[in-house]
Each structure stands twice: as structure tokens, then as C-alpha cells.
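Basis for what follows: all heavy atoms, side chains included, without hydrogens, waters or symmetry-related copies. Since we're looking at a predicted model, the values are computed, not measured.
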Amino acid sequence: KFINDYKGIPLELNATVSNVMTNTVMFSAPRYKLASFASKKQMFIQNDLFPEIIKSKIKEIDIARGYAVLTDFEYVNTLMIERKPTRIQPENLIEITLRKNGDADVKAELIDISESGMGISMITPLSAQTKVNIHVQIPGKGASTYSKLEFLGITVYTILENNPNRGMRYRIGMQIFPDKYAKQIITEYISRRQAELLEEINKSYQSLQ
């Protein structure tokens with residue numbers, strides 16, 4: 001079973017080993033489902049024969065022929081791929097303002113969001129357990145409608161990444177503590193985005209059948 005995500009939506013795909021080479025393994029899978037994995041650099045594999053989840057690098061995916069070639073296999077802790085509740089990626093750029101007592105405001109960009117956490121991208125790092133007030137405008141149902149939210153966030157991790165389009169930036173995971181109103185707005189937004197992303201997946205499937 002292949003495990004991955006599509007912009008935050010969890011995906012699973014049953015695959016079959018079709019060829020084993022020196023450093024790679026070829027798997028066959030339904031091509032219309034394989035399309036959702038095409039943009040990924042890595043794949044997680046689950047099988048009852050293995051004691052843990054296996055992480056691998058995607059060497060090649062051929063959607064038309066319905067196969068994926070994977071390499072560099074290694075065991076990983078199951079917790080590395082579990083994330084509850086599900087985080088989703090926004091459709092368009094959402095800018096965030098971070099405020100710390102006594103410090104100037106810092107701008108960041110939203111990577112993904114759930115009811116209890118978010119990933120953000122910024123040019124300066126934040127140390128672990130840093131507390132900030134997060135100001136963000138969450139898109140509403142109608143065009144050009146937004147809900148302005150403010151809530152507490154605490155830094156969980158900071159990772160330096162090389163963004164192909166933006167250069168070196170820090171990816172920061174935040175635990176967030178929205179009040180009842182903010183949590184409702186976030187939950188409704190996540191539900192809408194999930195529906196949109198599932199429709200994208202469905203269209204991708206339909207175009208390849």
C-alpha cells in the first residue's frame with residue numbers, strides 16, 4: 001500500500017511489485033490513481049510483512065503505463081507520517097503576521113493548516129517554544145470574503161529548506177490555540193478546501209480513465 005498526500009489530503013493506493021532490480025523496485029498500480037502521486041519526491045509503503053512503514057524515493061513514475069520505480073528504502077517511525085487532524089494547503093497565498101511582545105511584526109506565508117496546527121514559511125527562524133500572536137485572514141465562502149482571526153501560536157520545530165522559487169526559507173511548525181469562533185472558521189475553511197481538493201483528484205482520475 002502506497003501512502004502519501006495530495007496538498008494535505010491523505011491518499012492510499014494499492015500497488016503490486018512487478019520487478020526487482022539491484023537498487024530499485026518497480027510497482028504496478030492503477031494509472032488514474034497513480035497520477036495523484038506524480039508530483040511527489042518520496043513515497044511511504046505499508047505492508048504486513050514489514051515491522052514499520054518504509055520510506056522511499058521516487059525515481060520514476062509513468063502514469064500512462066501505470067508503474068512507479070522506487071529506490072533508497074528505509075524504515076521510519078509510523079508517527080512520522082501520521083498527522084491528526086489533517087492539514088490542508090491553501091489554494092492561494094495567505095500572508096500571516098506574527099507578533100511578539102516588544103518585537104516588530106514579522107511576516108510569514110501559510111503552508112498548511114489544521115484545527116490545532118499550521119506550517120508557515122518565513123525568511124527568519126523562530127526558536128522552539130516561541131510564543132507569538134498570529135494574525136491571519138481566512139478566505140470565506142464568497143469571492144473576496146475573509147475572516148480576520150487572531151490566536152496564540154507556539155513554535156514546535158524550525159527547518160531550513162531550499163525553495164526552488166523563493167530560495168532558502170525557514171519552514172516552521174506551529175501549535176495553535178484558536179478560540180471557539182476562530183476554530184469554527186478554520187474548520188469550515190478546511191472542509192471547503194478538502195471538497196475542492198477531492199474534486200481536483202476526481203478530475204485527474206477521470207481524465208486518465
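Hydrophobic clustering, with ILVMFWY side chains joined whenever heavy atoms are under 4.5 angstrom apart, keeps Met26 apart from Phe2. Following chains of ILVMFWY side-chain contacts shorter than 4.5 Å, one can reach Tyr75 starting from Leu70, so the two form part of one hydrophobic cluster. By the criterion of side-chain heavy atoms lying less than 4.5 angstrom apart, applied directly or through intervening Ile, Leu, Val, Met, Phe, Trp or Tyr residues, Ile120 is not grouped with Leu93; the two fall into different hydrophobic clusters.
Judged by distance alone, the side chain of Arg87 and the main-chain N or O of Ser116 form no donor-acceptor pair under 3.5 Å. Proximity of a side-chain donor or acceptor of Thr71 to a complementary backbone N or O of Asn23 within less than 3.5 Å is detected. Ser56 contributes a side-chain N or O that, together with a main-chain N or O of Met43, makes up a donor-acceptor pair within less than 3.5 Å. Counting only distance, with no hydrogens or angles, the side chain of Asp179 and the backbone of Phe151 share no donor-acceptor pair below 3.5 Å. The main-chain N or O of Met174 is never found under 3.5 Å from a side-chain atom of Thr155 such that the two would form a donor-acceptor pair.
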As a quick check of understanding, evaluate side-chain contact (heavy atoms from CB on, under 4.5 Å) for Ile134 and Leu98, giving each step before the final call. CA-CA 5 Å; Ile134 299 172; Leu98 306 179; 3.8 Å; yes
I would like to know whether Ile88 and Ile113 meet side-chain contact (heavy atoms from CB on, under 4.5 Å); could you show each step before the answer?
CA-CA 6 Å; Ile88 57 90; Ile113 187 169; 4.2 Å; yes
Note to self: Please determine whether side-chain contact (heavy atoms from CB on, under 4.5 Å) holds for the pair Leu13 and Lys1, giving the CA-CA distance in whole Å, both sets of side-chain angles, and the decisive distance to 0.1 Å.
What the structure shows: CA-CA 5 Å; Leu13 170 61; Lys1 181 184 292 183; over 6 Å; no
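Side chains of Thr130 and Lys100: a donor-acceptor N/O pair is absent below 3.5 angstrom, by distance only. Side-chain contact, Ser121 with Glu109: no donor N or O sits under 3.5 Å from an acceptor N or O.
Ionic pairing of Arg193 and Asp112 is not present here: no N-O contact between side-chain nitrogen and carboxylate oxygen is shorter than 4.0 angstrom.
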